[in-house]
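Within every chain, numbering begins at 1; the chains are lettered A, B, ... in the order of the sequence lines, protein sequences first and strands thereafter. Note that this is a predicted model, so its numbers are computed, not measured.
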Amino acid sequence: MSWDKEKTLKYIKKKHKVSEEKVEETREFMKIRKAIAKALSSGPKTIPQIAEIMGLPLADVTYNVMTCRKYGYIEETGEVSDDDYYYYELKGRK
Amino acid sequence: MFHLEYDVLVIGGGIAGQETALNLADMGFKVIMIEKEPSIGGKMILLSKVFPTLDCASCIATPKMSETMRHENIEVLSYSEVTSIERIDKKFKVKILKKPKYVREDLCTGCQECEANCPVNVEDQFNFGLVGRRAVYIPFSTAIPKTAVIDIENCILCGVCERVCPANAIDFTQEPECYTLKVKAVVLATGFNLFPARRKPQYGFGKFPNVMDAMEMDRLLSPTRPYNAVVRPLDGKIPENIAYVLCTGSRDVSVGNPICSQICCMYSIKQAQLLMGALPLADITIYYIDIRAFGKGFEEFYQQAKDMGVQFVKGKVAKIEEIKETGNLIVRYEDMEGSGGVKEAEHDLVVLSVGMLANTGITSIFKYEDLELDEYNYVKQADALLSPAKTNLKGVFAAGTATGPKDIPDSILSAGAASAEVAAYIRSLK
């Protein structure tokens, strides 16, 4: 028997309205994720180095780097800089 | 299988609720447990280790959670809330609201394929906002039941989860379900709330990223740590000089909570010892007004921390300020020993050892009768010495921190008392 892979989504779309704000937040996170990946494409970097490239506040970059780490996009190299920061690099997941 | 009549309703799936339910179920009573979160486990499952033994919290909590879930005499309803309790003769009519998870628990295998593909990112409440989580998520790796839940308020209805789920478990047609049950006794194991550190604005929590509360630090130290290391939330720097501010929001008349949390001294000492292990070069300073090492092995644990090099400074912290350039923090305190006077010290991370507040959400559910609370809004014990689990309502009992601040061993002890009193009460009904 074939299974309609979006059959119940149609049901809730009639009942539940998604706010534009949530969609925008999701787009923003995807942009940040790509920007982190781009910053790391030239090699491992510390969070302050990533923040400098991205031009975002440090605390926001830490949150997003750690979130990307949790989702398996990046990982720490195990190396620590002279000023006590871990280096992060891209992992296999795109 | 879900029934409409049980011997006991246990409200809350934390350590006290689980212990009460297991004791009663082992005695042959049929128990229904209601947990408001998607997983049972309460606060203990989120901790790193427990004091004073430094046993792994998950290693103790997870088998108990699993036993609770699998026990033939216990039915667990997660993501559910009790909306009303009404006494009818010798029983209680209980109304329960089960919130939709939009995932079929009978089909979900916990593979997390949905989570891996969901594009949404929101703050992970089980990691206290230190990292994000998806709109479809499993609360934490040892969650029980280990089934996904969709946070519909943050879901953008893109349908990816439904497309990728190999078990066809996503079900957006789910609606809230209401059940009416009959039980003979009720146990309130509703736990406590952590003191919200924002209520002490002079400490800068929520304003300065390097001021965190102790629950966040426990997450950083736990086996499922969100950063995979102890680093500062501001910039990911490995801290070298960490301060603890004890009694944040407890023993503090200015925030209306004059009582001792019973735990903040010892969990801070526990974290200090764990930090000495994780960061051997770091300096740890604990600012305290009294160290209350009252339990078995607590004094030795305190002395051990001192021997390891943790600095204890008797001083009430008045204010914390951030140095903008470095993110370091200036702790201004009253030195109550030594030379005395007001002093300042610089630290690169500050942990606020927050106290406990009563969880008052349960009080309004009783119809036509009032549950009596004590002056601090905890459930009032009818006889704290002889019948510690009895409340003012016949057939309604309390376990764990519902009656006041307690550490984990005392919560388990109180759950033992509650189960004995419930068993005696139900047998007296016959």
Bottom line for Glu28(A): the part with an atom under 4.5 Å from chain B's heavy atoms is neither

Distance (rounded to the nearest 0.5 Å) between Asn64(A) CG and Asn121(B) CG: 7.0 Å

Side-chain touch Phe172(B)/Lys15(A), heavy atoms, less than 4.5 angstrom: no

Quick one: are Lys22(A) and Val120(B) in side-chain contact, heavy atoms under 4.5 Å? no

Pairing of Lys10(A) and Glu162(B) as salt bridge, 4.0 angstrom limit: no

Residue by residue, which of residues 79-89 of chain A have a heavy atom closer than 4.5 Å to a heavy atom belonging to chain B? Val80(A), Asp83(A), Asp84(A), Tyr85(A), Tyr86(A)

Counting heavy-atom pairs closer than 4.5 Å to chain A, which one of Pro239(B), Pro233(B), Gly327(B) comes out on top? Pro233(B)

Give a yes or no answer on whether the side chain of Lys70(A) reaches the backbone of Gly132(B) with a donor-acceptor pair at less than 3.5 Å. yes

Which distance, rounded to the nearest 0.5 Å, do you find between the OG1 of Thr62(A) and the NZ of Lys237(B)? 13.0 Å

So which pairs with a foot in residues 136-160 of chain B pass salt bridge (Lys or Arg N to Asp or Glu O under 4.0 Å), sequence neighbours left out? Arg133(B)-Asp151(B)

Let me know if Gln174(B) has heavy atoms under 4.5 Å from chain A in its side chain, its backbone, both or neither. neither

Is the backbone N or O of Pro119(B) less than 3.5 Å from a side-chain atom of Thr26(A), with the two atoms forming a donor-acceptor pair by type? no

Supply the atom-to-atom distance Glu115(B) CD to Tyr71(A) OH, rounded to the nearest 0.5 angstrom. 7.5 Å

Region of Asn210(B) that comes under 4.5 Å of a non-hydrogen atom in chain A: neither

When the 4.5 angstrom heavy-atom criterion is applied to Met30(A) and chain B, the contacting part is side chain

Only pairs at least two apart or in different chains count here, so list each side-chain hydrogen bond (donor to acceptor under 3.5 Å, both in side chains) that has a residue in residues 271-283 of chain B. Asp218(B)-Gln271(B), Tyr244(B)-Gln271(B), Gln273(B)-Gln304(B)

Under 4.5 Å from any heavy atom of chain A, what part of Cys161(B) do you find: side chain, backbone, both or neither? neither

Asn127(B) side, atom CG; Met66(A) side, atom CE - distance, nearest 0.5 Å: 12.0 Å

When the 4.5 angstrom heavy-atom criterion is applied to Gln112(B) and chain A, the contacting part is neither

Which atoms of Ala229(B) come close to chain A, meaning under 4.5 Å heavy atom to heavy atom: side chain ones, backbone ones, both, or neither? side chain

Assert top hit (heavy-atom pairs under 4.5 Å, partner chain A, pool Asn228(B), Asn154(B), Asp171(B)) equals Asn228(B)

Applying a strict 4.5 Å limit to non-hydrogen atoms, the region of Leu130(B) in contact with chain A is backbone

Which donor-acceptor pairs under 3.5 Å do the side chains of residues 49-61 of chain A make with protein atoms, sequence neighbours left out?
from     : atom 1 : to       : atom 2 : distance (Å)
Gln49(A) : OE1    : Thr46(A) : N      : 2.9
Gln49(A) : OE1    : Thr46(A) : OG1    : 3.4

Counting only heavy atoms not in Lys319(B), do more than 12 sit closer than 6.0 Å to its NZ atom? no

Would you mind reporting whether Ile12(A) and Ile152(B) have side-chain heavy atoms less than 4.5 Å apart? yes

